[in-house]
Every structure is written in structure tokens, then in C-alpha cells.
Amino acid sequence: MPPLKNDTFLRALLKEPVEYTPIWMMRQAGRYLPEYKATRARAGSFLDLCKNTELATEVTIQPLERFDLDAAILFSDILTVPDAMGLGLYFAEGEGPKFERALQNETAIRELAVPDMGRLQYVFDAVTAIRRALNGRVPLIGFSGSPFTLACYMIEGGGSKEFRHVKSMMYARPDLLHRILDINAQAVTGYLNAQIEAGAQAVQIFDTWGGVLSDAAFQTFSLRYMQQIIGGLKREHEGRRVPVIVFTKGGGQWLEAMATCGADALGLDWTCNIGQARARVGKHVALQGNFDPFALFGTPEAIRQEAARILADYGNGSGHVFNLGHGINQHTDPEHAKILVDAVHELSRPYHST
């Protein structure tokens, strides 16, 4: 692989000195970009797009052609892993992801197994192709869903507002949920290690639904399994450390516990004050976040002011990767995303002067 020209993102995750605060955006390759919509139409379906190495590479690179981002993130979906387990992933128009075979009976749960990673080779092929296409421009992030977040979709059969099935299982048959979570953790460990071997230079675990749990349940059913994954990950590759980011949406109350899970960085949603988060855990981990995605619907000056506020709250020194508090909204004006990226690069430099 060609040498890395801009490693600011990786250095910030490891709290090493940087010249400015690096920025990337969750879902930076996606429906808010007209060029993405055009590529998606050529692909035929979302899953076809994910499984087409050339097109997945194309959409991963698209936002870097528009914005001065400091990292690329693999274009894929967190539900590729349960799909490889044979649950029958499909996307219903206007309804989001669905599974043909939800895990709602004991027999199916007992038969669940870690998938052959060969069934996910299209993901690893995309990682390698993207790395080559980037040509050392910026680092590439690989990712997966957390075991609990994956289980939510697998048990509910799709998205949910109440999580009735997964929470019923958690309280009535915790043994079954633990069985699913353990299989998921093993699968995610193998999946992320294969991404690293294919060329991912950092990895993020998306614990999208961890925040719906009680305090005790989060520790038992989410954090425990993310810690299990991190303990099994390849942490060095190509002669340098591979940082791990954990992002639990709605998890600001658990930062101290999360800081002990072995991750190099914790993602924050927009409900946290990043300065307070730094005071709580900044000695142990870097922080990523935490601009409200809907602040991109404000005026250009409002966007700059909000970016300035977050940078000021974090303060001087490294250990901050600027990001949104969740994925960019599909109705966002791309020009507003550019305003944010440029503002972060400009306004952060005084916080890194020696």
C-alpha cells in the first residue's frame, strides 16, 4: 500500500500532537450527495451497491472529492454480518432494513453460528480497493455494528422504536440473548480483523442502540461484548497501531465505564458537553464528536459558531476528532457540510499551537 500522506486523524486518536483538529462525518458517503444518488441508481439496489467493489469504492471516495476530510470510511452496512449468518437481509422501500428470518424462537437461536468470513469477502475486497484508490491520501476506517445493536435488528426483524422483542428476551430469557451476543461478538471480531488485514487503518464499533438500555443492562448486554471484541482485535498492522473507536449513541452517562473497555477513542452524540467529557475520561481515551447533524441546517455563520463552541469546549491539545453526533441527514445541503469541514480546520489551529 502507498505511504500515508495525511495521518492527522490517526495521530489525534492516539492523542499525539497534531496541527489542527481532524474531521470526518458519519455517513459522509450517502444520500445527501447527488453523485451518490446517481451511483446508487446505477447499482440497482442498496445491497447491490455494497456488494459491487467498484461502486462501493466510488461512493467511499466521493465525499473526499468535495470536502477536505481527514479520513474515509468504508461504504457498507452494519447488517452485512447477520446477513452472512443466513437471516435474509432485504431493504423495503421507505421502511429500512428487514430480515426474512428474525431470531424469535429458541431453535433458531441455538442454531445461530459465526459465519464463514468468505461470505463477506466482498467487504474485504472493497477495503483493499478503497485503500488503493485513496493512494495514501487519508486513512480508511473500517466498521461494524456492536453485538447488541446487531441483535436488536436480528431479534426485532428490522428497526424498532420500542425494542419489545429484544427487551422481553433480555428479561425473560437472558440466556438466549447472551447466546446471540456471544456469537455476534465472535463474528464481529473476525470481521473487523479481516478488514484490518485487508487495509483498514482504524475501526469503529457502532453501538447505535446501546443507549436504550438501563444502566445495569448496558454493562451486561452491550459494553461487556464490545470489550470482548476489542480484546480480540489485531491492534497493529503495516507497522503502526490500529486505533479502535466505540460509539454508543445515548451513552454519555457511561463514559467512565466505556473508557476502560480498551478502545482508543469514544464517540459522543450531541447531548454531551465535550469539555465535561474530556474532564471525565480524557486522560484515558481520545474523544470523537459531537456536532448535532441538524445544526447543518442552520446559516453558514451558525454552523461556524457551533463548530467554534465545540472546539472551545474541548480546549487545547490533541485527542479530539471532530465529527457529527450521529449520521449526516439525507436532506443536508452539501455546501453546508463543506462550511463545517473548512471551519473546523481553520478554527482549530490555535488550539494546537505550541
Side-chain angles (χ1 to χ4, degrees), residues 26-27 73 77-82 96-97 103 141-171 174 176-189 191-192 203-233 244-274 277 280-281 284-290 292-293 321 323-327:
M26 288 186 274
R27 292 194 195 135
I73 183 166
D77 192 87
I78 64 170
L79 299 181
T80 53
V81 171
L103 292 176
I141 306 166
F143 71 91
S144 177
S146 72
F148 178 75
T149 291
L150 296 181
C152 285
Y153 289 99
M154 295 160 73
I155 295 166
E156 299 290 338
S160 176
K161 292 182 179 179
E162 297 180 334
F163 302 95
R164 178 170 63 88
H165 294 294
V166 69
K167 286 196 168 187
S168 295
M169 186 183 296
M170 183 173 70
Y171 290 112
L176 296 182
L177 182 54
H178 279 300
R179 159 83 182 157
I180 296 169
L181 294 170
D182 182 59
I183 293 293
N184 284 355
Q186 293 179 53
V188 169
T189 303
Y191 183 54
L192 290 178
V203 292
Q204 176 156 317
I205 300 171
F206 283 89
D207 187 33
T208 309
W209 300 122
V212 307
L213 292 169
S214 71
D215 176 68
F218 175 75
Q219 313 280 340
T220 302
F221 294 98
S222 185
L223 185 59
R224 165 185 165 183
Y225 289 98
M226 291 193 288
Q227 189 165 7
Q228 178 180 326
I229 292 165
I230 293 167
L233 288 182
V244 179
I245 308 161
V246 166
F247 172 62
T248 296
K249 185 171 179 284
Q253 66 271 39
W254 298 308
L255 291 181
E256 288 84 356
M258 292 169 66
T260 68
C261 74
D264 298 282
L266 301 181
L268 305 175
D269 65 26
W270 61 90
T271 64
C272 291
N273 177 285
I274 199 167
R280 290 164 60 191
V281 300
H284 307 289
V285 291
L287 295 172
Q288 180 177 276
N290 61 336
D292 183 346
V321 171
N323 206 320
L324 309 182
H326 199 231

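The main-chain N or O of V246 is never found under 3.5 Å from a side-chain atom of Q204 such that the two would form a donor-acceptor pair. Of the possible polar contacts, none joining the D207 side chain to the S146 backbone as a donor-acceptor pair under 3.5 Å is found. No side-chain donor-acceptor contact under 3.5 Å links T248 to the backbone of G251. Here the side chain of N323 pairs no donor or acceptor atom with the backbone of N290 at under 3.5 angstrom.
Counting heavy atoms from C-beta on, the side chains of P82 and M154 come closer than 4.5 Å. In this structure, the side chains of V166 and L177 come closer than 4.5 Å at one or more pairs of heavy atoms. Side-chain contact between F206 and H326 is absent, with no heavy atoms from C-beta onward closer than 4.5 Å. In this structure the side chain of D182 reaches within 4.5 angstrom of the side chain of Q228, judged on heavy atoms. Side-chain contact between K167 and V212 is present, with heavy atoms from C-beta onward closer than 4.5 Å. In this structure, the side chains of I205 and I245 stay at 4.5 Å or more apart for every pair of heavy atoms. Side-chain contact between Y153 and I78: present, with at least one pair of heavy atoms (C-beta onward) separated by less than 4.5 Å. Contact of the L266 side chain with the Q288 side chain is not registered, since no non-hydrogen atoms from C-beta on lie closer than 4.5 Å.
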With side chain to side chain contact (heavy atoms under 4.5 Å, CB included) as the test, would you mind laying out the steps for I180 and M169 before giving the verdict? CA-CA 11 Å; I180 296 169; M169 186 183 296; 4.0 Å; yes

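Under a cut-off of 6.0 angstrom, the local environment of CD in E162 is sparse, with at most 12 non-hydrogen atoms contributed by other residues, nucleotides or ligands.
Across all their heavy atoms, S222 and G210 have their closest contact at OG-CA, 4.4 Å. Listed here is the closest heavy atom pair of M226 and P147: CG-CD, 4.3 Å. Of all the heavy atoms in A263 and V285, the pair that sits closest is O-CG1, 3.4 Å.
Taking the ring-ring contact (aromatic ring centres under 6.0 Å, His included) definition, one finds that F247 meets it with nothing, sequence neighbours left out. Scored by the ring-ring contact (aromatic ring centres under 6.0 Å, His included) test, H178 finds F221, Y225 as partners (sequence neighbours excluded). With sequence neighbours excluded, the residues that form a ring-ring contact (aromatic ring centres under 6.0 Å, His included) with W254 are F218.
Under the 6.0 Å cut-off for aromatic ring centres, W209 and F148 do not qualify, their centroids lying 6.0 Å or more apart.
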